[in-house]
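Working notes, structure below.
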Amino acid sequence: MTTGEKIAALRKEKGITQEAMAESLGVTRQSVSRWEMDTAFPETEKLIKLGRILECSIDFLLNGDLQKDNEDSVGLSARDCFCFIRECTYFFLATTVGGKPRLRPMGFVYADDRALYLATDSRKSVHSELIRSSFVELASYNLNTRKWIRISGSAVRDNSTAVREEMTALYPMIRQEYIGKEELYLVIFKIIIEEALIQ
């Protein structure tokens, strides 16, 4: 599959018109059409923006796979990441505060066919940190296999009712911890994965 075919397929899958994509990227509809027909190629800056809009890595657009730095980094999906973390039972989340990393253990993670999600509480500092700076890294260590998973990407707030219901069904304690009598404290962030490696 060519880069243009991938752009076209992902755009259609998300229900985005060529006009809407062109407007988001600051280009003409004809430019998007030329990219999709492989008669022109997007500049690096546009590739980065395309990755964000289409929720895929630049490596996928160019090569069709995640960067193969080692034998275990072959094409990890959001579900692969979720399964690894669930087996570990927890993960560490690194956010950026004032240009410095802040690390904390977390436990509520979920994935569907499209993305990885994490849940937190709107009253906690991690919520405001993710709102201020979306770049995150997640890591988890499996004591049995002695392997780490490392995930980097961007966190965007997700208001999907389906994801909220799946997460509260998967983790019944979410209702006790995050849902108050008068206010709903549960906040879900979708992780747009840029790189995922198992080492």
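Here the structure is a predicted model, which means the values were calculated and not measured.
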| task | Using the side chain to side chain contact (heavy atoms under 4.5 Å, CB included) rule, take S154 and E194 through it: C-alpha gap first, then chi angles, then the decisive distance, then the call. | result | CA-CA 8 Å; S154 300; E194 293 174 9; 3.5 Å; yes

Consider only side-chain heavy atoms of I, L, V, M, F, W and Y, link residues closer than 4.5 Å, and tell whether [X] and [Y] are in one cluster.
X	Y	value
V136	I198	yes
L50	F41	yes
I192	I149	no
W148	L93	no
M173	F82	yes

Of all the heavy-atom pairs spanning [X] and [Y], show the shortest one and how long it is.
X	Y	answer
M167	I174	O-CD1, 3.7 Å
E87	N142	OE2-ND2, 2.9 Å
E5	D38	N-OD2, 4.1 Å
I193	A78	CD1-CA, 4.1 Å
K14	L54	CE-O, 3.1 Å

State the [atom1]-[atom2] distance between [X] and [Y], to the nearest 0.5 angstrom.
X	Y	atom1	atom2	result
L138	I85	CG	CD1	5.5 Å
L197	Q199	CG	CD	5.5 Å
Q30	T39	CD	OG1	11.5 Å
L118	L116	CG	CG	7.0 Å

| field | Sequence-distant partners of E13, side-chain hydrogen bond (donor to acceptor under 3.5 Å, both in side chains), two or more places apart | value | none

| remark: Residues at least two apart in sequence or cross-chain that pass side-chain hydrogen bond (donor to acceptor under 3.5 Å, both in side chains) with K46, listed by chain then number, are none

| To which residues is F135 joined in a hydrophobic cluster, defined by side-chain heavy-atom contacts under 4.5 Å among Ile, Leu, Val, Met, Phe, Trp and Tyr, whether direct or through other members? | none

| field | Residues E195, R150; criterion side chain to side chain contact (heavy atoms under 4.5 Å, CB included); working and verdict | value | CA-CA 8 Å; E195 184 177 40; R150 298 178 190 276; over 6 Å; no

Any side-chain heavy atom of [X] within less than 4.5 Å of one from [Y]?
X	Y	result
V156	I191	no
T3	W35	no
T120	M106	yes
H127	R157	yes
P101	T96	no

Using only atom types and a distance under 3.5 Å, with no angle test, would you say the side chain of [X] pairs donor to acceptor with the backbone of [Y]?
X	Y	value
D112	A115	yes
T89	R86	no
S140	Y90	yes
S33	R29	no

| Under the side-chain hydrogen bond (donor to acceptor under 3.5 Å, both in side chains) criterion, do T95 and R104 qualify, and how do the steps go? | CA-CA 9 Å; T95 57; R104 75 214 1 109; 3.1 Å; yes

If you count every heavy atom of other residues, nucleotides or ligands that lies below 6.0 Å from [X] atom [atom1], does the total exceed 12?
X	atom1	value
R52	CZ	no
E23	CD	no
E43	CD	no
K12	NZ	no

| query | So E137 and I151, side chain to side chain contact (heavy atoms under 4.5 Å, CB included) or not? Walk me through it. | reply | CA-CA 5 Å; E137 289 193 345; I151 304 162; over 6 Å; no

| Pairing residues for F108 by the ring-ring contact (aromatic ring centres under 6.0 Å, His included) criterion, not counting sequence neighbours | Y171, Y178

| remark: With sequence neighbours left out, the residues meeting side chain to side chain contact (heavy atoms under 4.5 Å, CB included) with S160 are D158, A162, V163

| field | side chain to side chain contact (heavy atoms under 4.5 Å, CB included) involving L103 - partner list, sequence neighbours excluded | value | F92, A94

| How far apart are the C-alpha atoms of R146 and Y141, what are their side-chain angles, what is the distance that settles it, and do they pass the side chain to side chain contact (heavy atoms under 4.5 Å, CB included) test? | CA-CA 7 Å; R146 298 180 185 262; Y141 181 70; 3.4 Å; yes

| message | If the threshold is 4.0 Å, N to carboxylate O, is there a salt bridge linking R123 and D121? | response | yes

| message | Using a strict threshold of under 4.0 Å (side-chain N to carboxylate O), is an ion pair present between E129 and R102? | response | yes

| query | Is there a donor in the side chain of T28 and an acceptor in the side chain of S31, or the other way round, less than 3.5 Å apart? | reply | yes

| request: For E36 and Q18, run side-chain hydrogen bond (donor to acceptor under 3.5 Å, both in side chains): C-alpha distance rounded to whole Å, both residues' side-chain angles, the deciding distance at 0.1 Å, then the answer. | output: CA-CA 10 Å; E36 291 183 355; Q18 284 186 341; 2.8 Å; yes

